[in-house]
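The structure under discussion appears below in the form of structure tokens.
Ligands are counted one by one from 1 in listed order, and the atoms in each one are counted from 1 as well.
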Amino acid sequence: MAIFKPEIECASRTYLHALQSEKLVKMVENAYNNVPFYKQKFDEMGLKPEDIKSIDDISKLPFTVKTDLRDNYPFGLFARPQSDIVRIHASSGTTGKATVVGYTQNDIDVWADGAARAICAAGGKKDDIIHVSYGYGLFTGGLGLHYGAEKLGATALPVSSGNTKRQVQLLQDFGSDIICCTPSYAMFIGESIRDMGIDPKSLKVRAGIFGAEPWTDEMRKEIERLLDIKAYDIYGLSEIAGPGVSYDCECQNGMHVCEDYFYPEIIDPDTLEVLPDGEYGELVFTCIGKEALPLIRYRTRDICALTREKCACGRTTVRMAKPRGRSDDMLIIRGINVFPSQVEHVLLSLNMTPNYLIIVDRKNNLDTMEVQVEMMPDMFSDTVKSLEATEKMIESALQSTLNVHAKVRLMEPGTLPRSEGKAKRVIDNRQF
Ligand code: DLL
């Protein structure tokens with residue numbers, strides 16, 4: 001299968017090391033000179049940009065966490081003036097404020113390059129139609145794969161998510177070759193095709209690029225069976241770029257990281273020590289190829305492991321395992337990130353009690369979310385009608401903050417479980 005950028009994807013480890021070193025030195029200068037947050041951090045540590053001479057010095061650098069983005073909301077960590085920013089995306093923050101990411105034209109090119117590598121690794125070619133069913137908007141999924149498809153020279157089909165019958169119709173009528181969406185939506189489309197009595201073999205689609213949420217190899221097999229395609233994993237996060245930070249090749253044996261742009265490390269989330277290849281820990285990225293948001297040692301909270309063993313596909317870039325979970329409490333519901341603290345924030349802003357429980361399930365392969373919240377004692381005497389109206393009001397407030405529908409159930413005061421230690425806020429019945 002073709003390789004989009006063999007000079008990088010198949011480069012020697014020595015070459016990659018030299019390239020990463022050169023890029024790290026530049027990015028550290030950019031961060032220090034243009035982002036007051038980093039200047040202050042370096043100064044407090046007594047660290048100077050000149051102390052960083054190669055990628056081997058990376059462990060001298062401070063970590064960055066999601067709350068640093070929130071504390072500098074919205075544009076405080078940007079290293080470029082507004083006039084150089086050509087795009088903004090955002091994802092869920094831990095409370096009411098989103099995590100905001102800015103891109104220069106070069107950053108968009110870097111990101112599109114990563115996404116193009118991913119599509120090419122999934123067998124995508126110039127004469128393919130790439131059916132993009134990730135959401136378009138502030139979420140990076142839709143536009144990420146879209147620009148990747150164009151960069152590859154293929155035809156991007158910006159369907160966006162939802163309206164499953166129309167998705168199927170377009171797959172039939174346009175003869176899309178590759179479909180991109182979340183794995184749970186791929187399952188749903190596959191089942192809809194089956195329920196509509198359509199033989200998946202009658203569709204031209206031959207591969208899918210699925211990510212934005214955890215999924216298992218069993219689910220991969222099921223999607224491959226339902227849609228009669230080969231299913232490829234793709235990973236990314238808004239803070240670093242979006243989809244295409246890493247991607248599956250035909251060996252489906254770990255995702256190749258675009259390590260000329262995003263330098264990965266695995267750390268022990270408690271001691272913050274760097275762990276050797278093969279050991280599971282928290283994934284950390286340094287954006288050595290980006291201008292507007294040069295994040296240093298960004299803690300993704302995703303738990304996974306790295307390997308630098310050469311892959312049978314010929315690529316030499318480091319591979320990451322499928323993320324196994326998170327070192328924080330973030331949930332991914334239908335591909336959208338949700339923090340329990342966001343739910344709490346909404347409830348408190350509506351003067352509700354902070355006694356709540358989130359129940360996540362998967363029905364017909366689609367994630368569902370229910371928020372049980374205890375009534376205030378004075379609500380207990382309200383009529384059923386007014387309680388239903390309150391539930392609807394909370395549902396709509398949650399929808400507008402989380403971008404995900406959550407069913408709300410008001411519970412009698414004192415009925416939700418109490419804990420003597422950490423409150424248990426989430427019951428996740430899904431099997432990953
Ligand atoms: O989900 C970017 C993306 C879009 C990736 C489309 C792949 C395809 P965020 O909304 O910022 O960005 O969410 C990032 O989603 O830290 C992981 O926890 C999770 N995630 C993303 N891809 C995968 C994957 C996009 N392939 C967060 N497997 C990340 C498991 C994934 N988890």
Would you mind running through ligand 1 and noting each atom that sits below 4.0 Å from a heavy atom of [X]?
X: Arg326; value: 16 (O), 18 (O)
X: Gly141; value: 4 (C), 6 (C)
X: Phe139; value: 1 (O), 4 (C), 10 (O), 25 (C)

Among Arg315, Arg13, Arg319, Lys23, which one satisfies salt bridge (Lys or Arg N to Asp or Glu O under 4.0 Å) with Glu259?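 For Glu259, the salt bridge (Lys or Arg N to Asp or Glu O under 4.0 Å) check succeeds only for Arg13.
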
Whether Tyr32 and Phe42 hold their rings parallel, tilted or perpendicular, with breakpoints at 30° and 60°: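 The arrangement is tilted - the two ring planes meet at 30° to 60°.
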
Any salt bridge linking [X] with [Y]? Criterion: basic side-chain nitrogen under 4.0 Å from a carboxylate oxygen.
X: Glu395; Y: Lys392; value: yes
X: Asp329; Y: Arg425; value: no
X: Lys322; Y: Asp233; value: yes

In terms of residue, atom name and distance, what is the protein heavy atom nearest to [atom]?
atom: atom 16 (O) of ligand 1; answer: Asp302 OD2, 2.6 Å
atom: atom 13 (O) of ligand 1; answer: Asn337 ND2, 3.0 Å
atom: atom 19 (C) of ligand 1; answer: Ile332 CD1, 3.4 Å
atom: atom 25 (C) of ligand 1; answer: Gly236 O, 3.5 Å
atom: atom 28 (N) of ligand 1; answer: Glu213 O, 3.3 Å

So, does Arg301 sit close enough to ligand 1 that a heavy atom of it is under 4.0 Å from the ligand? no

4.0 Å heavy-atom contact, Gly144 with ligand 1: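 False for this residue.
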
Within 45° of the ring axis of Phe188 and under 6.0 Å from its six-membered ring centre, is that where the NZ or CZ of Arg334 lies?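 Checked: cation-pi criterion not met.
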
Count the heavy atoms of every other residue, nucleotide or ligand shown that sit under 6.0 Å from CG of Asp199, and state whether that count exceeds 12.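 Atom CG in Asp199 is packed in, count exceeds 12.
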
ring-ring contact (aromatic ring centres under 6.0 Å, His included), that's the test. Do His89 and Tyr103 meet it? Break it down for me. CA-CA 8 Å; His89 282 277; Tyr103 303 76; 5.6 Å; yes

Within-cut-off N or O pair, [X] and ligand 1, under 3.5 Å:
X: Ile234; result: yes
X: Tyr134; result: no
X: Asp233; result: yes

Centres of the His131 and Phe174 rings: under 6.0 Å?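 Centroid separation for His131 and Phe174: 6.0 Å or greater.
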
Kindly identify the option in Cys304, Ser238, Ala212, Pro214 whose heavy atom sits closest to atom 23 (C) of ligand 1.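 Heavy atom nearest to atom 23 (C) of ligand 1 belongs to Ala212.
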
From Leu227 atom CG to Arg194 atom CZ, the distance as rounded to the nearest 0.5 Å: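 Answer for the CG-CZ pair, Leu227 versus Arg194, is 11.0 Å.
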
Side chain, backbone, both or neither: which part of Leu237 has a heavy atom under 4.0 Å from ligand 1? both

